[in-house]
Undergrad: 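This is the structure I have questions about; it appears just below.
What you see below is based on every heavy atom in this structure, not just the backbone, and it leaves out hydrogens, waters and symmetry mates. Here, residue 1 is the first one in the sequence, and each next residue gets the next number. This is a predicted model, so every value here is computed, not measured.
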Amino acid sequence: MAVDYLVIVVYLAGMLAMGWWGMRRARSKSEFLVAGRRLGPAMYSGTMAAIVLGGASTIGGVGLGYQYGLSGAWMVFTIGLGLLVLSVLFSARIARLKVYTVSEMLDLRYGGGRAGVVSGLVMWAYTLMLAVTSTIAYATIFDVLFDINRTLAIVLGGSIVVAYSTLGGMWSITLTDMVQFVVKTVGVLLLLLPIAVVKAGGFAEMKAQLPTEYFDPLGIGGETIFTYVLIYTFGMLIGQDIWQRVFTARSDRTAKWGGTVAGTYCLAYALAGAVIGTAAKVLYPKLGSPDDAFATIVKDELPMGVRGLVLAAALAAVMSTSSGALIACATVANNDIWSRLRGIGRSAPAGDHDEVKGNRAFILIMGVAVIGTAIAIDNVVEALTVAYNLLVGGLLVPILGGLVWRRGTVYGALASVLVGGVAVVVLMATHGILANEPVYYGLLASLAAYVIVSLATPATDAAVLAAWRERLAGRSPELASEPVPAAQ
C-alpha cells in the first residue's frame, strides 16, 4: 500500500498548493465568489461536471448498481438530465443576471427583499446539509486508506477542503475541481470500469450469473425513477451550488454549451457506476451493504498504484462536491442572511479587500460548522433527503415561475416558499423522512399557493419587470460596483 499512500499524499498536497495559488488571483468579490465570471468552455465543463458528480454519484452510484443492476444508473442519470435542462433552457439567462446568489435573482424579479430573505434561509439549510453529507463520505474513503476512525477521517478530509476553499475561494475551487475532474475520469471511467468488467468475466458472464432484472433499464421501479426526477433533476435547476458555477461562465454561450457537455458526461458516468456495481455483485454477491461495493472492489481487485489512483478519484469526487457546497453555503450566509441582518444590503458596498476578507471568514466559519455537524450526524441519507425536499418543495416553483411567468408576484413567491416548506415538514413528520409523499404534495401545494396568491394580488410593478428584462438581456451592470474582467 506504500505506493497507494504516496499517490494520495501527493494528491492532497497538490490540492493545498492550488489553494495557495488561487489566493493570489482572488483580489475582488467577483474573483473570490465566481472566479471573475471568466471561465471558458473547457474549464467550465470540467468544473461543472466535478461539482455535480460527488461521493453519492460515485460510491452511491456503484452501490445502486450492486443492488439493482444497470437501472441503478437512474439516480446519477437524473442529475445529468437536470444539468442538461438547466444548460439548454435556463443557463444563458442566469449567467446574464450577473448576481451572486439565487436570492438576489428573486429580489430582482419580484422587487424588494422579502422573498430573498426567506429563500436565503432555505437555501442556506440546503447547502449546509449538502456540504455535511459530502464531508461524511471522507470516513468511508479514509477507512479504506488508513484504517482511521470516523471522526479523525472527517476532520482530516474536511480541513483540507476548508483550507483551500478559504484561501482562494472560487479560483482555488475551480483549479482543484479541474484536477479532480481529470482524476475521476481516469480513475473511474478509464481504469476501474474496464478492470471491474474483466474481473467479473465480461458482460456475457455477468448476464449468466445475475437475474435478468439486473439488466432491465427500468428494474429499479417507475416510482423511484419519478422521485429521482423530482428531487435531483429539479434540484439541479435551482441549487445555489449549481447556479454559482453558472455565474463563473465567461458568456451565456459558454454556460449553455459547456453545461451541455458536462451534462452528457454525467450520463456516461451514471452508466459506468451502474456497470461497476453490477460487476461487483458477480464478484461479491453477499456484501453486508451495497455501499461497500466500491471500497471492496477497489481494495481487492486493483493492482498497487492503480488502487491509489482510483481511491484518489473517489476522494476527488467527494472534495469537488464538498467544496462547491461549502462556498455556496458561505456565500448565502454572508450575502443573503448576515448582510441583511446587519442592515447593509447593497446600498453601502464595502471595498474589494473587505468583501474578500468577509467572504473568506464566512467560508472558514461555515467549514468548521460543517465538520462539526458531520461528526454529529449518523444518518446521511435522511439528512440529504430533508435538504432536497425543502429545496424542491419550497423553492422550485418561485424560482422557475419567476423565470417563465410574468404574472408571478412577490406575495405569490412568499406563499409558495412558506406553504411548500410547511407541507414538506409536516408530511415528513407524518409519513417519514424517506417517504415520497413529502416532495410530491409539497411541490403541488407550493405551485397552488404561487398561482392563487399571485393572481389574487397586484401584478409586479412595471418598473421592476422592466429592470428585470434589461438584466436578463445582459444590458445592466453587476450588482456589485466592480467591472467585469476581460475574458481569459
Side-chain angles (χ1 to χ4, degrees), residues 22 26 28-39 43-54 79 82-83 86-87 90-108 116 119-120 122-131 134 161 164-166 168-178 235-250 252 254-255 258-259 262 319-337 339 355-356 358-360 362-363 366-367 370 387 391 395 399 478-480 482 484:
S28 68
K29 179 180 179 180
S30 176
E31 295 281 357
F32 191 82
L33 294 182
V34 291
R37 307 187 196 276
R38 66 173 79 186
L39 297 191
M43 288 282 282
Y44 180 83
S45 297
T47 56
M48 182 62 87
I51 188 177
V52 300
L53 296 174
I79 291 173
L83 185 52
L86 174 71
S87 301
F90 299 109
S91 65
R93 281 180 280 180
I94 293 170
R96 286 195 293 264
L97 290 174
K98 295 293 189 286
V99 295
Y100 294 103
T101 68
V102 175
S103 295
E104 288 177 351
M105 168 263 169
L106 292 174
D107 284 350
L108 286 170
S119 67
V122 176
M123 191 65 76
W124 174 77
Y126 157 73
T127 53
L128 177 71
M129 294 313 300
L130 183 61
S134 300
V161 170
Y164 72 69
S165 301
T166 301
M170 186 59 82
W171 266 122
S172 294
I173 292 171
T174 295
L175 295 171
T176 54
D177 277 1
M178 198 62 199
M236 286 292 107
L237 300 181
I238 58 175
Q240 169 68 25
D241 52 324
I242 308 302
W243 278 42
Q244 199 157 344
R245 294 312 174 96
V246 176
F247 299 152
T248 66
R250 175 190 301 171
D252 52 5
T254 296
M319 284 187 161
S320 57
T321 299
S322 181
S323 59
L326 176 59
I327 193 172
C329 179
T331 302
V332 171
N334 188 20
N335 292 272
D336 292 338
I337 300 173
S339 65
E355 291 208 81
V356 171
N359 282 291
R360 184 172 281 137
F362 264 87
I363 290 181
M366 291 298 107
V370 164
L391 177 72
L395 293 182
I399 292 172
E478 288 191 83
L479 287 174
E482 54 189 33
V484 181

Undergrad: If you round to the nearest 0.5 Å, how far is OG of Ser322 from CD1 of Ile327?
TA: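 Rounded to the nearest 0.5 Å, the CD1-OG separation comes to 12.0 Å.
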
Undergrad: When you compare the side chains of Asn335 and Thr101, does any donor N or O come within less than 3.5 Å of an acceptor on the partner?
TA: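 Looking only at side-chain atoms, Thr101 and Asn335 do not form any donor-acceptor pair under 3.5 Å.
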
Undergrad: Compare all side-chain heavy atoms of Asp177 with those of Ser323 and state whether any distance is below 4.5 angstrom.
TA: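 A side-chain contact exists here, since the closest heavy-atom pair is under 4.5 Å.
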
Undergrad: Apply side chain to side chain donor-acceptor pair (under 3.5 Å) to Asp241 and list each qualifying residue two or more places apart in sequence or on a separate chain.
TA: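 Residues passing side chain to side chain donor-acceptor pair (under 3.5 Å) with Asp241: Tyr126.
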
Undergrad: Is Trp243 reaching over with its side chain to a backbone N or O of Leu237, donor-acceptor style, under 3.5 angstrom?
TA: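 Yes.
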
Undergrad: Run the side-chain contact (heavy atoms from CB on, under 4.5 Å) test against Ala35 and tell me which residues pass, sequence neighbours left out.
TA: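 Ala35 satisfies side-chain contact (heavy atoms from CB on, under 4.5 Å) with Leu39, Met170, Trp171, Thr174, Thr248 once adjacent residues are dropped.
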
Undergrad: Hey, does Leu106 have a side-chain heavy atom less than 4.5 Å from the side chain of Ile399?
TA: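 A side-chain contact under 4.5 Å exists here.
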
Undergrad: What I'd like to find out is whether the side chain of Arg37 reaches to under 4.5 Å of the side chain of Phe247, using heavy atoms alone.
TA: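 Side chain of Arg37 against side chain of Phe247, heavy atoms only: contact under 4.5 Å found.
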
Undergrad: Could you tell me whether the side chains of Thr331 and Gln240 share a donor-acceptor contact shorter than 3.5 Å?
TA: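 There is no such pair (donor and acceptor under 3.5 Å, judged by atom type) between the side chains of Thr331 and Gln240.
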
Undergrad: The criterion is side chain to side chain donor-acceptor pair (under 3.5 Å); which residues satisfy it with Ser172, sequence neighbours excluded?
TA: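 Testing Ser172 for side chain to side chain donor-acceptor pair (under 3.5 Å), a comparison that skips the adjacent residues, returns none.
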
Undergrad: Calculate, to the nearest 0.5 Å, the distance between atoms CZ and OG belonging to Arg360 and Ser165 respectively.
TA: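 Interatomic distance, Arg360 CZ to Ser165 OG, rounded to 0.5 Å: 11.5 Å.
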
Undergrad: Within the structure provided, determine whether Ile363 and Phe32 are in side-chain contact (heavy-atom separation under 4.5 Å).
TA: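 Touching, per the 4.5 Å side-chain cut-off.
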
Undergrad: Do Asp107 and Val99 have side chains that get closer than 4.5 Å, going by heavy atoms?
TA: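 Sidechains of Val99 and Asp107: no contact.
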
Undergrad: Could you tell me whether the side chain of Ile173 reaches within less than 4.5 Å of the side chain of Arg245, counting heavy atoms only?
TA: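 Heavy-atom side-chain distance check passes, below 4.5 Å.
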
Undergrad: Do Leu83 and Met48 have side-chain heavy atoms sitting under 4.5 Å apart?
TA: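 Yes; the side chains approach each other to less than 4.5 Å.
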
Undergrad: Please determine which of Val161, Val370, Leu326, Thr321 meets the side chain to side chain contact (heavy atoms under 4.5 Å, CB included) test together with Ser134.
TA: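 Filter result, single survivor: Thr321.
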
Undergrad: Measure the shortest side-chain to side-chain distance between Leu86 and Met236 over non-hydrogen atoms and say whether it is less than 4.5 angstrom.
TA: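 They are not in side-chain contact.
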
